[in-house]
Participant: 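Below is one structure. I have some questions about it.
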Amino acid sequence: MPSSAALTVESLGFVVGGAPILHDVDLEVAPGEMIGVIGPNGAGKTTLFNMISGIHAPTTGRVLLDGRDITHQPVHRRALAGLGRTFQTSNLFPGLSVLENVRLAAQRRLGGNLSVLRFPRRSDRASTVAMEHLDEVGLAGLADVLAGGLSHGDKRKLEIAVLLAMQPGVILLDEPMAGVARADVPGLSEVIRRMHRDHHSTVLMVEHHIDVVMGLVERVAVLHQGTILALDEPDRIMADPLVQSAYLGAPV
Ligand SMILES: Nc1ncnc2c1ncn2[C@@H]1O[C@H](COP(=O)(O)OP(=O)(O)O)[C@@H](O)[C@H]1O
Ligand SMILES: [Mg+2]
């Protein structure tokens, strides 16, 4: 029977030099659902994202987007099919303005001329769309600032505006709070919450700030030694003795 999940990971495995990095990973993310992925360093979280987004090919298993097998599609084809991601480290154009970063993404989607040299006219369609997304993430006031000059927290917000401009159905966020000042964490969480709510985006988010994850997501997947140890609602994950001993370090 075909799955109605927005994103399906089936029996995924990844072996490098005989060592299993991931094994038997099964995950179904429902349309509009946000799932948090937690687990200790080296558990395989980023590798899982790399398999889903097509940076590395899995050794075994399949990845389905809206029920379509994308396991062997290159990164750009997956992006066109509606898969968007952010990276653990930023991939913005630091020498371009905040607006220009979003405008380029909007223009790519709207199918326009991909010129960075042309001075952006505020009146063009891509610029209008870009300003709307900047407004959504609270950066409209910084539209003309160079992206490279933003704080870490604002860079993350800008990455989300860039993602929104590409209108992906499924979004992968790899440690969106990494490097962000503690004081900026609540504001960034709120931007992610609104993105999920207002765009009904399906989101898979790796994040080390457990309190942030637990407050945002519908379900939490615990990745441990390359496989999913538990997948449940946040309260139940926090209360799970297996999770506590394996991940949170508390006695069972
Ligand atoms: N392409 C690769 N080649 C070799 N080892 C890799 C590769 N990708 C990941 N690894 C290893 O896989 C393990 C999981 O890494 P990673 O997915 O980055 O973990 P996490 O994001 O959970 O901290 C680590 O031990 C890492 O060194
Ligand atoms: Mg990682």
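All values reported here derive from a predicted model rather than from experimental measurement. In each ligand, atom 1 is the first atom listed, and ligand 1 is the first ligand listed.
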Participant: Quick test of your reading of the model: are R156 and D184 salt-bridged, counting only N-O distances below 4.0 Å?
Facilitator: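 No, R156 and D184 are not salt-bridged.
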Participant: Which is closest to atom 20 (P) of ligand 1 in terms of heavy atoms, P20, P40, G226, G42?
Facilitator: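 Minimum heavy-atom distance to atom 20 (P) of ligand 1 goes to G42.
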Participant: What atoms in ligand 1 come closer than 4.0 Å to a heavy atom of N41?
Facilitator: 23 (O)
Participant: Mind checking what makes side-chain contact (heavy atoms from CB on, under 4.5 Å) contact with D198, not counting sequence neighbours?
Facilitator: R194
Participant: Report yes if the side chains of E233 and V220 come closer than 4.5 Å at any heavy-atom pair, otherwise no.
Facilitator: no
Participant: List ligand 1 atoms under 4.0 Å from K45, heavy atoms only on the residue side.
Facilitator: 17 (O), 19 (O), 20 (P), 21 (O), 22 (O), 23 (O)
Participant: May I ask whether G39 places a heavy atom under 4.0 Å from ligand 1?
Facilitator: no
Participant: Under 4.0 Å between a side-chain nitrogen and a carboxylate oxygen: does that hold for R182 and D211?
Facilitator: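 Answer for the salt bridge query: yes.
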Participant: Got a sec, which residues hit side-chain contact (heavy atoms from CB on, under 4.5 Å) with P58, two or more places apart in sequence or on another chain?
Facilitator: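 P58 satisfies side-chain contact (heavy atoms from CB on, under 4.5 Å) with L12, M51, T71 once adjacent residues are dropped.
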Participant: For ligand 1, which atoms sit closer than 4.0 Å to a heavy atom of T47?
Facilitator: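 Those qualifying, in numeric order: 8 (N), 9 (C), 14 (C), 15 (O), 16 (P), 17 (O).
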Participant: Taking 2.8 Å as the cut-off, does an N/O/S atom of T46 lie below it from the Mg ion (ligand 2)?
Facilitator: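 Coordinating: yes.
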Participant: Find all atoms of ligand 1 within a distance of less than 4.0 Å from any non-hydrogen atom belonging to V16, and give their numbers and elements.
Facilitator: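 The list of qualifying atoms is 3 (N), 4 (C).
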Participant: Do M205 and I192 have side chains that approach each other closer than 4.5 Å (heavy atoms only, starting at C-beta)?
Facilitator: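 Yes. Closest side-chain heavy atoms under 4.5 Å.
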Participant: For atom 11 (C) of ligand 1, tell me which residue out of D174, I21, I38 has the closest non-hydrogen atom.
Facilitator: I21
